[in-house]
Visitor: 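Once you've had a glance at the structure underneath, I'll fire off some questions.
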Amino acid sequence: MIYDFDQVIDRYHTGSSKWDNVEARIGEAQALPMWTADMDFACPQPLIDAVVKRAKHPIYGYPYVTPKFSESTIRWIDKQHGWKLKPEWLVFATGIVPVFNTMIQAVTEPGDKVIISRPVYHPMAFAIEDNGREISDNSLIYRDGAYTMDFEDLRRRAEDPKAKLMLVCSPHNPVGRAWKEEELYQISSICKENGVVVVCDEIHSDIMLYGNKHVPMGTLGTEAMKKNIITCFAPSKTFNCAGIRTSVIVAPDKGLREMLNSRFKKNRSIQQNIFAMPALEAAYTKCDDYLEQLLLYLENNVDFVRDYLNERMPKIKLVEPEATYLLWLDCSQLGICGDELAGFIIHNCKVGISRGDSFGPEGKDFIRLNIGCPISTLRQGLDRIYEQYRKRF
Ligand SMILES: Cc1ncc(COP(=O)(O)O)c(C=O)c1O
């Protein structure tokens, strides 16, 4: 191991949303932050070096996106997923959440429906409602501790003439599914047949656990299906640099790309951060070993949680993750849910998890635990829950 993921780094007073904002967001100053989706690991050294080098130049004026940005991205996506992107398909953005909003504005009208599969990353629902569109919730099916898509329901929803767009999360946050090729193909074909454009959020696609393979939805099916998809990638989860605010949008269809770009221009939201350039270039060309080691570390953390729960807290069930560093824990056997469950974990145990019901009503019996942290922090979090669990359950 070159990287020391065991190292505990104090993040308080660094302007960290996860650590410095915990009281305001979770209402419990003493909570150990295991919620927002960034990791407590140092970024890869080549990325840090590249940003520091740029920071030492004394002028931070408006940036210009050079071809190196595209070249580095094309290298990475080809290496990771074997998808050969064309430079003209790429649009750089300051995050993926802004793309949800931009695409909703670009391809739907107020009152139209946007399909999502809850429980799912909550800013998808916020983006739909904030823009005056309606959520069409194609709830995932949860059976025998595992999640699948409800394709019959999806077809019905896609056939509704008011449904114009679907936001897909692949791999899926929070349930940790790495969708299989057949599943992605079905989503894509149902949407294409019914004139529903797809935004496929693949931000977690590098964090594939236990040898699971990510398949970009945009590589599947006919040319027409491929052109119906806008895919979102970013170095932010993989290399723990979400605060740099950069993401890559792949839009092979000229029409959709122009709609996206013109809406971005209208919103004046296309400008990159000056530090995004060196960060993304370094991440996508010099940090392969970081990801290899990170995945091993995260798998070990998942194994640790699984064993810990089985041995000490058998009423909390791990939904086996195939991807991401966010664990979805089924607490239905505790007999408490929603506010009571969140209150128990956050205020009694003092662990700052994400509430399951923040991802949709389907999540009321669940909590999401971020395990992107040194194993000693993880142990501390689980010990805090166990202390209270053994008294109450
Ligand atoms: C599925 C998913 N999409 C998007 C984001 C955030 O994207 P960005 O920070 O680029 O807006 C996250 C962060 O947790 C996420 O989990």
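Count residues from 1 along the sequence. Every number for a ligand or one of its atoms is a count from 1 in the order of the listing. Given the structure is predicted, the values throughout are model-derived calculations rather than measurements.
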Visitor: Using heavy atoms and a cut-off under 4.0 Å, could you grab the residues that are in contact with ligand 1, chain by chain, numbers ascending?
Guide: Ala37, Gly95, Ile96, Val97, Pro98, Tyr121, Cys169, Asn173, Asp201, Ile203, His204, Lys237, Arg245
Visitor: Just to verify, what does Lys317 make a side chain to side chain donor-acceptor pair (under 3.5 Å) with, not counting sequence neighbours?
Guide: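 Here no residue qualifies.
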Visitor: Determine yes or no for a side-chain-to-main-chain donor-acceptor pair under 3.5 angstrom, with Asp112 supplying the side chain and Glu109 the backbone.
Guide: yes
Visitor: Output all residues satisfying side-chain contact (heavy atoms from CB on, under 4.5 Å) with Thr238, sequence neighbours left out; order by chain, then residue number.
Guide: Trp76, Asp206, Leu291
Visitor: Check whether any side-chain heavy atom of Glu322 lies under 4.5 Å from a side-chain heavy atom of Lys180, and answer yes or no.
Guide: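 Sidechains of Lys180 and Glu322: in contact.
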Visitor: Cation-pi between Arg312 and Tyr386: NZ/CZ under 6.0 Å from ring centre and within 45° of the ring axis?
Guide: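 Cation-pi check for Arg312 and Tyr386: passes.
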Visitor: Can you list every pair that meets side chain to side chain donor-acceptor pair (under 3.5 Å) and has a residue in residues 123-133, with sequence neighbours left out?
Guide: Asn101-Asn131, Gln105-Asn131, Thr108-Arg133
